[in-house]
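We use all heavy atoms of the structure for the numbers below, so side chains are in, but hydrogens, waters and symmetry mates are not. Every chain is numbered from 1 and lettered A, B, ... according to where its sequence line falls, protein lines coming before strand lines. The structure presented is a predicted model; accordingly, all values stated were derived computationally and were not measured.
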Amino acid sequence: MRLLALLMLCCTGCATTSKLSTDWLTPAQLAHDATKYADDAAVVLYRGDRYLLETASQNSTEFLRHVAVAVLREGGFDLAEVRIPFSTQQELIVLKARVLQPDGTVHEVPAREFLADTNGKGERDTQAKFFRFPDVRIGSVLEYVWVVRTPWVIGAEDQDTLGSFPVKAYDFELVGSRRLVLETIEYNSTQPIEVTTLSDGRHRLRFSLVDLPPREPEQWTPHWTFTEPRWAWRVVGYKESVQVTNNWYRDWTDIVEGFARRAFAESKLMEGLTARPDLSKCADARCKVTVATDWVREKTSTLGVDSNRELKLADAFQSGKASAKERALLLRKVLEEAGVEARLAFTTQLLARQTTQSFPEWDQFDRLLVHVPAQPSIPRPLTVEMEAEYCAAGQLSPTVEGQPAFVFWMEGGTVGEGVVHGEWITLQGEPTVAAQRRDVHAARIEADGALVDEHEMVVEGELSEPWQQNHLHWRARDFTNDMAARAKTVSPLAKAENARWLPCDRLVGRCGYALTMKAPHYAVRDGATWLVPLKLLTRLYEVFDVRERRHEVHIPASVGPIEETIELAAPPGFHATRLPDTVTEKAPGLSVRITAERTKTGVRVTRRITLTPGRYPKEDYAKMRETLERFQAVRNTVLSFEPDAPSGN
Amino acid sequence: MRALSGVLLLVTACASFPKLDLASLPTPKDFPDAKYVVLLDQLHVRYGPGPKGKAEAIVTEHWRAKVLKSTTLPAVRVAYDTEFSELVSVTGRSVLPDGTEKPLDVSKAVDRPSFDGSVLFSNTRIWSLDAPVLPVGAVFETVVVRRTRDIEVGTDSHFFGDSEPVKESRLIVDAPPAWRVRWLVRDFNGPVAFAPVETSLPDGLARRVFERRDLPAMTSEPGGPSIWSWLVRVRVRLDEWTENGVVKRTPQTPEELSALGYVQHEDRTVVTPELEAAAKEALQGVADEPFAKARALYEYACRRIQYCAVEIGYGGWIPHAAKDVHAQRWGDCKDKATYLHTLLKVAGIASSPTAISSHDGWPRPFDVPSLGANFNHEILAVHLADRTIYADPTTRAVPFGRLPWQDSEAVVLQATKEGAPLMRTPETSPDDNVEAHRYELTLDEAGNVHGRFDITARGDNAATYKHRKLLGTGRLSPWARDQLWLQGAEVTSATFGGQKDFDEAATLSGEVNGRRVIGRGLGGVGAPSLLRLSDVLASWMPDVKPGRTMPFAWRWRATTTLELDLRLPPGATVSTLPPNVSLSSRFGEYALTWKKTEQGLTVSRRLVRSQRVVPVDELAEVLAFSEKVSIAELAPAVLRFGGKP
């Protein structure tokens, strides 16, 4: 939530009542048919979210939350505990609650039972009110209303509508002073937004939803913003007079303006940071961009750092760890100092959340990049990805490649005077090291049936990032434990030996490990035949094990092709009788290939899967699952090795 | 609720910190596996008279660490109770590898109520601040000063060790020489001989210093005790002191603590007409004999009073009055125990509220006889003519006469007028806690199965099922899947049996699909395929690895059995069955039995966990036992398919 102050007048002496209606719900609103919710421990009969934005004698925002819950089973008892946190700068001006019992009796919770902890004194501290509904039974309806007043006008907000329980009726309402120009948007709903001008000139926007299902998690589900009804609103502008309207959050430059002013004109940005890249050998801007980018990448790592952390740049730089945002701010400044025109760009990672360019909103962005416009020695604009460790200047990771980005810059003046400009572009980068994982096994069966496997795993590109992080942060014992756990997926008796890291280079985007594994009792003697399972193949993508799918499938950008090769030496004097069939199959979003061939020493089995990030409708799931089943099935194949025929003599 | 009476003074200066000789500090080479090394971990407790003569303690925690690996240091986090204590100051500094010093910036600290999931409301607040990001080689140091205004309730503890190596660890205790200080030193295995160095300070205070150096990093292990119960710990408190000339003392023995508990409960158990009516309602139709009446009242209290904790000041130890709990219909553990105690009183059955430390498999030993030192839960000792039955009315579906596993084998202290000694709750046996699964599955040509499952559980094994049934039975299939011992299962339907809340047993049945349960052989008719239990069933063996340094504990003793009846597709036959296995050890018994049937095969697996705790010197035997079990479960049945491969 952003709390942008509009004329930050303190709301001293505010009356402690709300202008928002806090009337109890009517019996009709509380009526429900419990049999409709046989799977649920409770149903939210009503949830109302209301905002009142005032700019008259004093600025304020009132937010009202009105909830009524029917307890259907004991799992709903937890909803009787209510905690209402608010900041030290806010005031809880209304709180009331009542219980309606199955026999029709109604008990209003007396104010003395509302407990408060208002000991916080600092600006960032939190206060809270607490209460517990009394005498809650199966069939009780718990209703409460609270209003929090903030002594300034909040400029934008968004909110989900679903939770763990179904919602019978949901109301949203935003009333703003006539000085405010408001805009709201509903996502994933067909209910119309009702826009009204009230008799006193204030604007009201409202909409209602009914019968919302509970949120049910599922693997590889699209981020909830893609599918669930939700709303957002913003103050587009405020009127100083009938003729003059000042923009607030009218367009995208308004959204980034505050950030842009700090990033481009704040003199303290680089305070305490004296280090600079050596650009003395660079004759042109392209060289400077390359060298400065590499300097930032070498001197700082994003591994394990939240992308949007924003510490003092000097502190981040000194620690050797910086967020993508800190890196971008630093690089842009360094380039500017070197005479290279550099801008910033906000984007949203692929499938990270639902976005729309038609409703300017800060929360849509989750990644900051540096954008270098065309200039001498840089014929085409170039974007610098600051999160992925392996991306050099101009290269983009698959998480942002092809995504829309809002490029912004400031012209002239100091923090308060410059003009912020911006435009949307589509991110297009130069080729970078492709994401992929390769597992190579050199395995053999010993005379007693034990499996000995020399395994090397190498990951590259985007797939290397989590491993780089492990390499950087794991202790030796973490690595040992992880390798032991991997061995156990082959056999409960398997033991990892000689586990070691292969060279991990975060700047190149490559990492891996090598492991020797011994698994006693692995192969089985069936008469004269050795039976050898292919459990060395990894158990992958169990997300597809479930037959029924509730949501569409979202394949994330962080997946990449995986290729596993097993060179299995036959037990001495034995040969494989039959090999797995070659499989080449495709489904929406994925393709698999399995091949097997004889080698001089035994058998080579190769399995490869490629997934294409994106959204796939539920209807595609069955085919995806079927194709993946072919891929998985080879892991449950048993090879037979029979004795070689006696030689001719 | 009382607001902070002291002035919260947050100073950011670091002038009082000594200059560090960075070159003399440990390097990553000294501790190659450590993220940081704790250079100093010091707790200084200074007892003395406060502003109005009331005894208080000024508690200073001084912590200094050097970063050895790229990492984030732990946040500065101070929990304080506005009723009993206040946060006086937090200071700190960072020293960068080049010697540059920066004071701790407390402007971004957040002070908030403690939104503890188990307590709705208390006086506890949390002051927290992220540690600054620091490069390898930097030093971070903090000093947190708290004032304990009420020293009767609490104790102070210092642990000698951490999850990272510690160079210097120290507890300093200062007190007026006439004030009697008690300390107790123990580690996981019991009391530890660790005498402090005693000196006199120029201002007359007596000083005791407990100090250890070069302590290795400690890590917890699955099924092992927490590192905080493993490490050497000194707990300290005042036994006797004077306030404005009046001698004050804390309970000196468990018996005195018991008597104090009695006093704290006494006026909370007043019988009112409403409580009499409640008892009458609960006892309607119940046989007029003590056990039956006690059971009926226990079930009434469990069912009627929902759990919710509101703990203000001494409300952490003193329950709400039973009449209020009845009216509100909610309360915490001691409220529920007191409520049941009062209902039993109406019925003429004696009982004692009983303090206990609910545990995770490792019951806590009793420390010093202090209100805040030993217990985290309250149950009830119900005194029948021939025996005492411990009952935990905080639970929702445990039958009367049994305790949940968290309360078993635990040290308890009944609150009695005369003062009771410490006692211990009973343990359960593998016969008390039983879980049996039966899977009737049909195998198809592709190696997948479908069929039914039936689960019966009782004792501690039944708790999960009964609880889930009470909470609501919606969306049961995904939950049921997690209860099965069949790997990769997908439950397509699940229903509970008709058991009631407090029945001993629970049942759950349904339909299940399983994928890829056999290793499918290649080739034509008769090609061998493998059925290995280790591929199909979840392991029952403990997560004990070679080189383990901590003991292992099951949470409870139990008997688990599984019967898998597998029907083969037409034309498929069982070629070979592995040998039956029967293993016996002091930890328990394991049996695996294979049998051919007309339509396929049946395999039965049984494990009796009869020894709950495995000490370190017996771990090797457990590993050997586990290995034998693994070998048994790796031995495959060989199947041959008659149809197409």
Bottom line for B:Leu634: the part with an atom under 4.5 Å from chain A's heavy atoms is side chain
Turns out that what part of B:Arg468 lies under 4.5 Å from chain A's heavy atoms comes down to neither
The reported gap from CG in A:Leu472 to CG in A:Asn470 (rounded to nearest 0.5 angstrom) is 9.5 Å
Okay, B:Arg475 and chain A: the region with an atom under 4.5 Å from a heavy atom over there is both
* To do: Look at the aromatic rings of B:His320 and B:Trp330 and report parallel, tilted or perpendicular, splitting at 30° and 60°.
  => perpendicular
The interface call for A:Gln318 against chain B, heavy-atom contacts under 4.5 Å, is both
Sorted by chain and residue number, the ring pair (Phe, Tyr, Trp, His ring centres under 6.0 Å) partners of A:Phe86 (sequence neighbours excluded) come out as none
Those residues at least two apart in sequence (or on a different chain) that pass salt bridge (Lys or Arg N to Asp or Glu O under 4.0 Å) with A:Arg137 are A:Asp135
- Under 6.0 Å from the NZ atom of A:Lys299, do we count more than 12 heavy atoms belonging to anything else shown? no
Interatomic distance, CG@A:Asp117 vs CG@A:Leu115, rounded to 0.5 Å, equals 10.0 Å
If one checks every heavy atom of B:Val629 against chain A at 4.5 Å, the contacting part turns out to be neither
Bottom line for A:Val82: the part with an atom under 4.5 Å from chain B's heavy atoms is backbone
Highest number of heavy-atom pairs under 4.5 Å with chain B among A:Glu629, A:Arg132, A:His521 belongs to A:Arg132
